[in-house]
Amino acid sequence: MAEKSFKYVVVGGGVAAGYAAREFAKQGVKPGELAIISKEAVAPYERPALSKAYLFPEGFARLPGFHCCVGSGGERLLPEWYKEKGIELILSTEIVTADLAAKTLLSAAGEIFKYHNLIIATGSTVIRLTDFGVQGADAKNIFYLREIDDADKLIEVIKAKKNGKCVIVGGGYIGLELGAVMKMNNFDVSMVYPEPWCMPRLFTAGIASFYEGYYANKGIKIIKGTVAVGFTADANGEVKDVKLKDGRVLEADIVVVGVGGRPLTKLFKGQVEEEKGGIKTDGSFKTSVPDVYAVGDVATFPLKLYGEMRRVEHVDHARKSAEQAVKAIKASEDGKPFDEYDYLPYFYSRSFDLSWQFYGDNVGDTVLFGDNNPTSPKPKFGSYWIKDGKVVGAFLEGGNPEENKAIAKIAKLQPPVESLEQLKNEGLSFACKI
């Protein structure tokens, strides 16, 4: 089969690919120099929409509405945009072999792609219950949400099982966002997770109790401290029951599983240095292999603010790391200096009428402030994390843009704190006066 050669190739067609393409265009990439190879059938889009507005019962989002880069207030890059810029979008194409030494990629269909510079933007894949041999986990209507195809299949079944019962397995990002949209779609929703509270990797018990209370007031049943150990299916092979470890059995027309993801690094195993489950990079996202960069979920990079190597799974980092890698490639070509990546960790979520943001690091002592009563008409509360006498992280629910900017600023500046009591009393005003 014929070979295709490009100066730059981005492997992966998610958020990072869209932002890399935009940055390449800004940097004056010439027609025919850049290719994006994606196993998805559509141009890069803002993935967070899939667990939010894409699944709304009304006023829902659809493509082309959320192609990159609208998620950060930028231009929407339609397939025509790539054509105009001379960027080759190679869709529905899965790369099955990567030979970094030979600078060659091979697709499932046998196509060969050569490159000079490679950006690995393969992202993550979902962890499936079938990976652990959970009985009946291959039944129909058990869903995982990662790509637009997954969301389309879920929408079909939401329509077919109108007003039915839904069990959400997992209490993290996907669990909380999908619990909300399934309730909005008028399903009877139960959430099941083994931890003592939801979002344990980020939330404190105090933060989590608000969201669990709010969800309970919406009629969502929350079942903690147990896991799904099996599923039974009806004569059509469709899921009908979820068996829990504690012996309970929950009826289900739809099951949505959100138990985490794994970075897609398999193609590059043994060819590139790895660390902390990802591909090790420097502050320009350059890997141990010349002319190969890794961005987004797959990259373990130096987080300058904390002086340590981290891997970050979030859309904000996917966008910014992709832009940084392109700037680094172009700067090295032009022999120009450039600033190393200086990232402030940022996470956010929206569900029902709620919206929270978090900046910084969630380590050390915590202080909860504000109104975190789940029955309040307009709850607004937050938390600070304090380590070595300094604020290192900040969380805010219900903040306006200025307040969210204020908590970002203190997470970056890390101001000293005299006492936790003073911080609790000052609450949000502490951030706003810095």
Side-chain angles (χ1 to χ4, degrees), residues 51-52 126-137 139 141-145 164-185 187-232 239-261 313 347-356 358 362-363 366 368 371-376 379 381-383 385 395 397:
S51 58
K52 302 177 184 73
V126 293
I127 294 170
R128 295 177 179 271
L129 298 181
T130 45
D131 299 344
F132 308 110
V134 174
Q135 184 191 5
N141 300 343
I142 298 178
F143 293 94
Y144 300 82
L145 194 63
K165 292 179 189 296
C166 175
V167 174
I168 307 283
V169 177
Y173 260 114
I174 291 292
L176 287 168
E177 292 183 354
L178 265 291
V181 291
M182 293 307 287
K183 192 69 199 172
M184 288 164 70
N185 278 283
F187 273 71
D188 180 338
V189 178
S190 300
M191 291 180 65
V192 180
Y193 44 94
E195 298 89 358
W197 62 78
C198 63
M199 283 282 285
R201 282 167 60 186
L202 177 59
F203 288 0
T204 61
I207 293 172
S209 69
F210 165 81
Y211 294 98
E212 289 173 350
Y214 190 98
Y215 275 48
N217 291 339
K218 291 281 187 186
I220 294 172
K221 290 184 278 300
I222 291 177
I223 302 164
K224 300 187 276 188
T226 190
V227 292
V229 292
F231 301 89
T232 54
V239 70
K240 64 170 190 170
D241 290 317
V242 182
K243 298 179 207 163
L244 305 185
K245 195 174 184 178
D246 65 10
R248 278 182 275 186
V249 177
L250 307 176
E251 285 179 48
D253 298 297
I254 294 178
V255 173
V256 182
V257 181
V259 292
E313 291 181 8
F347 300 93
Y348 71 88
S349 185
R350 293 185 297 274
S351 55
F352 294 119
D353 295 325
L354 305 174
S355 175
W356 61 259
F358 167 84
N362 60 328
V363 292
T366 58
L368 190 67
D371 175 12
N372 69 330
N373 182 340
T375 60
S376 290
F381 71 96
S383 184
W385 281 258
F395 172 97
E397 165 60 51

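Below, each value reflects all heavy atoms present in this structure, side chains not excepted, and no hydrogens, waters or symmetry copies. Residue numbers start at 1 and run along the sequence shown.
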*Asks:* Is the side chain of Tyr193 donor-acceptor paired with the backbone N or O of Val259 at a distance under 3.5 Å, no angle test?
*Replies:*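 No, Tyr193 side chain to Val259 backbone: no donor-acceptor pair under 3.5 Å.
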
*Asks:* Would you check if the side chain of Asn217 reaches a backbone N or O of Tyr214 as a donor-acceptor pair within less than 3.5 Å?
*Replies:*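 No, the answer is negative, given that no donor and acceptor are paired below the 3.5 Å cut-off.
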
*Asks:* Could you label the plane-to-plane angle of the Phe381 and Tyr211 rings as parallel, tilted or perpendicular, counting under 30° as parallel and over 60° as perpendicular?
*Replies:*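 Phe381 and Tyr211: tilted rings.
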
*Asks:* What closest approach, in Å, do Ala228 and Val169 show between heavy atoms, and which atom pair accounts for it?
*Replies:*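 Heavy atoms of Ala228 and Val169 come nearest at CB-CG2, 4.3 Å.
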
*Asks:* So do the side chains of Pro196 and Lys224 get within less than 4.5 Å of each other, counting heavy atoms only?
*Replies:*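 No - every pair of side-chain heavy atoms lies 4.5 Å or more apart.
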
*Asks:* Does any part of the side chain of Lys52, heavy atoms only, come nearer than 4.5 Å to the side chain of Val181, both counted from C-beta?
*Replies:*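 They are not in side-chain contact.
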
*Asks:* Quick check: does any side chain N or O of Tyr215 sit under 3.5 Å from a backbone N or O of Leu176, one acting as donor and the other as acceptor?
*Replies:*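 Yes; judged by distance alone, with no hydrogens or angles, the pair exists.
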
*Asks:* Heavy-atom count check: over 12 atoms from other residues, nucleotides or ligands less than 6.0 Å from Asp353 CG?
*Replies:*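 No - once you tally the heavy atoms of other residues, nucleotides and ligands closer than 6.0 Å, there are 12 at most.
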
*Asks:* Testing Ile168, Val167, Ile254, Val256 one by one against Val189 for a side chain to side chain contact (heavy atoms under 4.5 Å, CB included), which residue passes?
*Replies:*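 Going through the options one by one, the only one that passes is Ile168.
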
*Asks:* Using 4.0 Å as the upper bound for N to carboxylate O, is an ion pair formed by Arg350 and Glu177?
*Replies:*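 Between Arg350 and Glu177 there is no salt bridge, as every charged N stays at least 4.0 Å from the carboxylate O atoms.
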
*Asks:* Can you find a pair of side-chain heavy atoms, one from Trp356 and one from Phe347, that are under 4.5 Å apart?
*Replies:*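 Yes; the side chains approach each other to less than 4.5 Å.
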
*Asks:* Is the shortest side-chain heavy-atom distance between Ile223 and Leu244 below 4.5 Å?
*Replies:*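 They are in contact (side-chain heavy atoms under 4.5 Å apart), so the answer is yes.
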
*Asks:* Quick one: are Phe358 and Leu202 in side-chain contact, heavy atoms under 4.5 Å?
*Replies:*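 Side chain of Phe358 against side chain of Leu202, heavy atoms only: contact under 4.5 Å found.
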
*Asks:* Could you pull out the closest heavy-atom pair between Pro379 and Ser376, with the gap in Å?
*Replies:*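 Closest pair (atom of Pro379, atom of Ser376, distance): CD-O, 3.3 Å.
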
*Asks:* Inspect the contact between Lys183 and Asp188 and indicate whether a charged nitrogen and a carboxylate oxygen are less than 4.0 angstrom apart.
*Replies:*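 No, Asp188 and Lys183 are not salt-bridged.
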
*Asks:* What's the shortest heavy-atom distance between Ile174 and Leu145, and which atoms?
*Replies:*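 Taking every non-hydrogen atom into account, CD1-O, 4.4 Å.
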
*Asks:* Would you say the side chains of Glu397 and Ser355 form a donor-acceptor pair under 3.5 Å?
*Replies:*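 Judged by distance alone, the side chains do not pair up.
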
*Asks:* Would you check if the side chain of Asp131 reaches a backbone N or O of Ile127 as a donor-acceptor pair within less than 3.5 Å?
*Replies:*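 A pair under 3.5 Å: no.
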
*Asks:* From Gln135 CD over to Phe231 CZ, what is the distance, rounded to the nearest 0.5 angstrom?
*Replies:*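 One finds 10.0 Å between CD of Gln135 and CZ of Phe231.
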
*Asks:* Does the Thr226 side chain pair with the main chain of Asp246, one donor and one acceptor, at a distance under 3.5 Å?
*Replies:*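 Answer holds: yes.
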
*Asks:* Should Ile207 and Ser383 count as side-chain neighbours, where that means a heavy-atom distance under 4.5 Å?
*Replies:*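 Ile207 vs Ser383: side chains touch.
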
*Asks:* Is there side-chain contact between Thr232 and Lys243, with at least one heavy-atom pair below 4.5 Å?
*Replies:*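 Thr232 vs Lys243: side chains touch.
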
*Asks:* Atom SG in Cys166, atom CD in Glu251: separation rounded to 0.5 Å?
*Replies:*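 Cys166 atom SG to Glu251 atom CD measures 13.5 Å (nearest 0.5 Å).
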
*Asks:* Show your reasoning for whether side-chain contact (heavy atoms from CB on, under 4.5 Å) applies to Trp197 and Ser209.
*Replies:* CA-CA 7 Å; Trp197 62 78; Ser209 69; over 6 Å; no

*Asks:* Can you find a heavy atom in the side chain of Asp253 that is under 4.5 Å from one in the side chain of Asn141?
*Replies:*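 The answer is no; the side chains never approach within 4.5 Å.
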
*Asks:* Quick check with a 6.0 Å cut-off and a 45 degree axis cone: is Lys218 positioned over the face of Phe352's six-membered ring?
*Replies:*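 Yes, a cation-pi geometry.
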
